[in-house]
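In the text below, chain A, chain B and the rest are named by the order of the sequence lines, each starting its count at 1.
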Amino acid sequence: MAPVTSPQPAAIENRTMTINMGPQHPSTHGVLRLEVTVDGEVVTKVKPDIGYLHRCFEKYAESLGDYAKVVPYTDRIDYVSALHQEMGYVIAVEKLLELEVPERVEYMRVILAELQRIASHLLGIGTFGLDLGAFTPFLYCFIERENILRILEKVSGARLLYNYLCVGGLMRDIPTDFTSDTWEFVTSFRPKIKELNDLLTTNSIFIDRTANIGVLPAEVALNYSASGPMLRGSGVSWDLRKNDPYSIYDRFEFNVPVGQGEMGTVGDCWDRYIVRVREMEESLKIIEQALDQMPGEGDVKEAVPRRIRSKEGEVYVRTETPRGELGYYIISEKSGPYRIKARTPSFVNLSILPAISKGALVADLVAIVGSIDIVLGGVDR
Amino acid sequence: MVQTLKKSWTTFKTIFTGMGVTMRHLLQPSVTLRYPEERDELPSGARSKLFVHIDDCIGCKLCERACPVNCIAIETVQATKDVDLGKTSTGNPKRFWITTFNIDMSKCMYCDMCVPPCPTECISMVPEYEYSEYDRNNLLFQFSELSADKVTEVKEKAEKEQEEKQRKKKEAARKKKAQKADQTSKAKQKNSEG
Amino acid sequence: MGLLDKKYHDSNIIIVSLESALNWARKSSLWYEQFGLACCAIEMMATAASDYDFDRFGIIPRSSPRQADVMIVAGTVTMKMASRIERLYEQMSEPRYVISMGSCSNSGGPYWEHGYHVLKGVDKVIPVDVYVPGCPPRPEALLEGFLKLQERISNETIIEPRETEQESTEEEKEPIEVE
Amino acid sequence: MALLIFATLPLLLIVGYALFAIWLERKVSAHIQDRLGPMRVGGWHGWAQTIADMLKLIQKEDIIPTNASRFLFKSAPFVLFAASYAAFSVIPFSSAYIGSSINIGVFYLLAVTSLLTLSVIMGAWASNNKWSLLGGMRTAAQMVSYEVPTIMSVLSVLVVAGSLNLMTISEMQTGNDILGFLPNWLIFQNPFLIVAFIIFFISIVAESHRVPFDLPESESELVAGFQTEYSGMRWGIFMLAEYADMLLLSLLGAVLFFGGWASPFGSYLSGPVWGFIWFMLKGLLFVFVMMWMRWTLPRYRVDQLMEICWTILIPVSFINFVLIALWEMTF
C-alpha cells in the first residue's frame, strides 16, 4: 500500500483586504472616501481621498472681483457653521479696509456666532451618536437645533446659509423680539444638556465605545496643527477667543474646556465629545452676557460702505469656528481681491485621521471620524 | 470579579437612566409639524422665491449687477420720446421698455443681494416655497409682460430713434468739424499773416 | 379600467385596478437613499428629523442603494462625484426615482459660471423626476417635492416606460470630462 | 386539507405579526423621538404603511450581482425564513393549539434556530461584497457565542420544570398558588431563575440582532451588513424572518419564565382563546422592551460583545445553573 502523503499545507497567506468607505457611506459625513486596508476587522491603513466636494471657492473669490459678492460663497465653505465663515471673512475685509464697526453690530455678531456654535455642536454630537448607533439623541439634538434655526431665520430670512453679515455691518435690521427669543432659548436649553448627558454622555455603552479610542496625544495634535475641540480634547487649552481675541470676545467671561481623560486617556474620542458638550454651556454664558450688555439702539448699517473701494494690501485673520481655527488670507489689489485663501479647520483635522486610527477596528474608525467632526465643504472648499 | 460586577451594575444603571429619558419622551406630545395640513408661518423677509413687480421696474439693472451668480437677465430698450411710460409707485420716472426680465430660480442661491440695491423696491423675496417642477425649464421665471410683437415694434422704434439721433449727432459733429476747420484755417491765416 | 369603470361610475362598487393598487404601494413607501452631498444634505437630515418627519409619508432612509427607491441628490455634484452618482443610480433596483434637491444639483446653481469642477445639473448623468428649487430648499419644500413625485407615480402605467427614461434614451448623454 | 390549514395558520400569524410589528416599531420609535411616525398611508395613523411597503417590495427589481454565487444568494433568505418558521411548530400558542407536541420541543427549537447562522453566512458570502462578508462574519461569531448562555439559561429552567415538552411546561404553570396570589410561573418558583431570565433576555436580544447588539447590520459601520446586496422581496423576507425570530424568542421566553398561555389571574380569564391572547401579550411585551432599548442605546463593538458573552454571561450562567440545581435539591 502506497504511503499516504498528506498534501503539503499551503503557506498561510496573511492577506489584507482593501475596502472603500464612501463616497456613499452613512457615516462619512458627506462625500469623503476612505481607502481602508483591513486585516480581518483591524484597520492597518487609512487613506482619505478628498475632492468630491471641491467647489472652487478660491476661483470664485478671484473671479467675482467684488468683496461683497464673496460673502454668500463663504457660507458654503462650512455650511454647518455658516455664520462663523462669514464672520471671519467680514472681519478680514474690515481689517483690510480699516473700517470701524458699531458696538451693536459687534454684540449681535457675537451672539449669532455663539448660537451658531451651539447649533453646529449639536449637529456634531448628534451625528457622532448616530455613528455609534444611537439614533434618538441625534433627533433630540435636531429638535434643539431647530429652535436655534428659527431664531436665525427670523433674523436673516434663511435657515442654513444666512448671508447676514456684510462688510461693515449687518444685512438687515435686528427684529424687535430677537432678545426675548434668545433668552427663551437659553433658559430652555440648559435642562436639555442634562438630558443629553443622561442619555449619551454617561451611558456606559457610549463610554465603552469612545473612551481610549483614537487617542490623540497633545504633541501629535500640535505637530499636525490641529485646532478647535480636536486640540482641546487633547488637553491643550488653546482657544482663539481667549488667546487671540477678535471682535469683542475679550469682554466676556468664559472658560475653555479641555479634555482631562476622565473616562480614559487624555485625547480620546470621549474627551473630544465632552469638550463640545461643555463648550455649548460656555457659549450659553457668552450669549447671556452679550444680551445683557448689548446696546438697545443703533443703526446696524451705519458703517456699511455703499461701494467697497478696494485697497492694496495683505491681511490674515483667524477666528475660532466650532471646528477650529479658520483663517482667511487676502491679497488685495486696487481692482479687488487678487487671491483669497481659506485655511479651514476640517481639512487640517482630517489629516490626523491616518495617524490616530491605526490598529483600530472598523467600528472604531467610524467613531474616530465622527469625533473629528469634519464638514466636507470645509475639507474640499 | 468585584470590578466586573460593579461595571455591570453601572451599565445597568445607565441603561435604565437612558430608558427613563426615552420613556418620558414617549409619553410627551410630539413636536412634528404636519406639513401639507399645517404650515409654519414664515417670518417676514423669509427668503424663498424672488418676485418682480414688473410695473415698478425702471430697468436700471442694479439687481443684475449685484447678483453673484448672474441668474438675472435683463434687457431694456430706451423708450422713444413720443411714449410716456409713466411713473412707478415710488415716483421714479420710467424710461425703458423691459423687453426681458428673466430670473433662473434653478441657479439662484437666495442670497438676497439683489433686493437692497433696487431703487423702486420692485424685486423682493416672497414667502412661497412650494414650486418644485418636473421640468427644469419651468424654473426660469419670465417677468417681462411685453409680447414678442411689441418687443420687435419697440425695438424698431428705438432703433429708428437711435439712428435719427446718430444721424443728428453725426451732422452736429460734422458741423462742428467744419467750424473747427474753419477756425483753424482762419487761425492759420492769422498766423501766416502775423 | 375601461367599460366596467364607466358602468359602475355612480354606484357604490369600488373598482381598484391592479395598477392603481401597485402605484399606491409604490408612492406610499418611497425609501430614500441615505446619501448627502453638501449643504442640502443638512436640510435633508432636518426633514427626516422630528420637526418635519419624513416617516409620516412612509419615507425612510436606507443606506444600501439596493433597497432604496428614490435618490435625493442633495448638494453640489462635482465632476469627481458624477460618475459615482451614476454608479449608485445603476445599483438601485427598479422602479427608481430621482429628486434633484437644490440649485446646485438642478443646474450647477451658484457654481454654474466659474465652477470648473462642478457638474452643471445632475440631469446630465441621471434622469431626474422632480426638481426642488432652493439653496437649500426648506424642509417643507422638499416634502412638497415628494408630494409632486407621489402625484407623478400615481399617474404611471406599468406597460409604458416612464417618461424620463424615454427622454434619457433619446437624449444623447453629454460626455463628462473628468480631469 | 385540514392539515394544510393547520400548518399555514402560523404562517398567517407570522406575516400578520411582522406587518404589525414593523408598523409598531416605527410608531414607537417615532413617539420616543417626539415624532409622529407613519400617519398618511391608509388613514388612521398609517395602519396600511407596512402593507404598502410589502406590496412595493414585491414589485421591486430582484437584483443578483454578477459575481454572486447565484444559488446560495437566492436561497439564503428562504433558508432563514424556513428555519424560524419551522421553530414555530413547537410553540404552544394556547392550550388547544400547538403545531407538534413533541417531547423534545426545547431541544428541537434550539437546534432549528441554529440554522439562522448558516443562512446568514450563506447570504453574506454569496453576495461577494466586502461589507456583507464582514457582517456575515460578525453574525456567525455573535450567534454562535450567544447560543451558549441562551442554552444554559434554558437548561436551568428545564431543571426546575423537568420536561422538554413546551406544552407540558406551559401546563404546569397554570394556577395561582405561590404566596397565595402570585401565579405559578416558573420565574416565581425559584429566585435564581430571575438571574437566568436576565441572562436569557440579553442573549435573545443578541440572537435576534437588536441594539445594543445589532452588529450584523449596523448601518453606520457596514452599510447594511449581510443584507447590503439584497433588494426587493428577497430583502423583505430577511426582514420578515428577523421579526419572526424576535417573536419566536420572545414567545420562548414567555413559555419558559412567564407561564406561556397561562392567565396571570389563575382560572379567571382563561381558556384557549384567552390563553392565546395572554400568550401574545406576553410575547409582545418583550418585543416592545426590545424596541424601547433599540431606540435608546448605542451599540457595542464586536470585541466588547464577545467579551460580555465570554467573561460575564457564560460564567454567571454556569454558576447560576449550579445554584438553581442546589435550590431544587434542598426545597
Side-chain angles (χ1 to χ4, degrees), chain C residues 16-35 45-70 87-97 139 143 146-147 150-151 153-154 156-158 162 165, chain D residues 22-23 25-43 45-65 68 127 129 131-132 135 217-236 238-239:
Chain C
V16 182
S17 70
L18 180 68
E19 193 175 272
S20 55
L22 293 182
N23 279 345
W24 167 79
R26 267 188 217 175
K27 75 169 192 181
S28 306
S29 104
L30 286 167
W31 296 354
Y32 71 93
E33 199 177 338
Q34 192 181 23
F35 153 64
M45 275 149 78
T47 322
S50 301
D51 280 58
Y52 297 95
D53 194 10
F54 261 151
D55 204 8
R56 280 181 304 129
F57 300 83
I59 304 166
I60 51 171
R62 292 300 314 170
S63 40
S64 169
R66 301 275 186 222
Q67 294 134 27
D69 307 296
V70 52
R87 178 95 177 255
L88 280 172
Y89 180 72
E90 280 160 6
Q91 283 177 342
M92 286 164 71
S93 53
E94 288 279 359
R96 54 194 171 186
Y97 307 94
L143 285 175
F146 265 99
L147 291 177
Q150 288 189 343
E151 211 174 283
I153 292 168
S154 53
E156 260 180 13
T157 54
I158 298 171
R162 281 162 56 217
E165 266 163 34
Chain D
I22 297 172
W23 175 82
E25 168 119 45
R26 284 169 81 167
K27 282 312 250 192
V28 167
S29 70
H31 282 278
I32 279 180
Q33 293 154 358
D34 293 347
R35 298 187 284 132
L36 286 169
M39 285 301 282
R40 297 171 65 81
V41 182
H45 280 268
W47 62 270
Q49 182 60 56
T50 40
I51 297 169
D53 285 345
M54 200 177 72
L55 262 179
K56 180 210 71 178
L57 283 174
I58 291 170
Q59 291 176 69
K60 291 285 279 184
E61 185 187 356
D62 180 23
I63 295 178
I64 298 163
S127 305
N129 180 313
W131 296 118
S132 298
E217 62 234 47
S218 52
E219 279 205 344
S220 58
E221 291 155 25
L222 301 185
V223 189
F226 65 91
Q227 309 164 343
T228 306
E229 292 287 344
Y230 280 91
S231 64
M233 204 52 208
R234 261 177 235 285
W235 179 80
F238 266 131
M239 200 72 180

Closest contact, heavy atoms only, C:Pro95 versus D:Gln59: CD-O, 4.2 Å
Which atoms of D:Leu36 approach chain C - backbone, side chain, both or neither, heavy atom under 4.5 Å: both
Can you tell me which portion of C:Asp51 sits under 4.5 Å from chain D's heavy atoms? Options are side chain, backbone, both or neither. neither
Heavy-atom proximity to chain C below 4.5 Å, by part of D:Gln49: side chain
Is chain C contacted by the side chain of D:Leu57, its backbone, both, or neither, given a heavy-atom distance below 4.5 Å? side chain
Are the side chain of D:Gln227 and the backbone N or O of C:Gln67 linked by a donor-acceptor pair below 3.5 Å? no
Please report the shortest heavy-atom distance between D:Ile63 and C:Gln91, naming the atom on each side. CD1-O, 3.6 Å
Listed partners of C:Trp24 passing ring-ring contact (aromatic ring centres under 6.0 Å, His included), at least two apart: none
Separation between CG of C:Leu147 and CZ of D:Arg40, rounded to the nearest 0.5 Å: 6.0 Å
In terms of heavy-atom pairs under 4.5 Å, which option from C:Ser64, C:Ala68, C:Pro65 contacts chain D the most? C:Ser64
Identify, with sequence neighbours excluded, every residue that meets side chain to side chain contact (heavy atoms under 4.5 Å, CB included) alongside C:Glu151. B:Tyr134
Looking at C:Arg66 and D:Thr228, what are the two nearest heavy atoms and their distance? CG-O, 3.3 Å
Return the minimal non-hydrogen interatomic distance between C:Ile59 and D:Arg26, and the atom names on each side. N-NH2, 4.4 Å
Give me the atom names and distance for the closest heavy-atom approach of D:Gln33 to C:Ser50. O-OG, 2.6 Å
Evaluate the side-chain contact (heavy atoms from CB on, under 4.5 Å) criterion for residues C:Asp53 and D:Met39: first the C-alpha distance (whole Å), next the side-chain angles of each, then the deciding distance (0.1 Å), finally the verdict. CA-CA 10 Å; C:Asp53 194 10; D:Met39 285 301 282; over 6 Å; no
D:Ser231 side, atom OG; C:Arg96 side, atom CZ - distance, nearest 0.5 Å: 11.0 Å
Test side-chain contact (heavy atoms from CB on, under 4.5 Å) on D:Lys60 and C:Trp31; report intermediate values, then the result. CA-CA 12 Å; D:Lys60 291 285 279 184; C:Trp31 296 354; over 6 Å; no
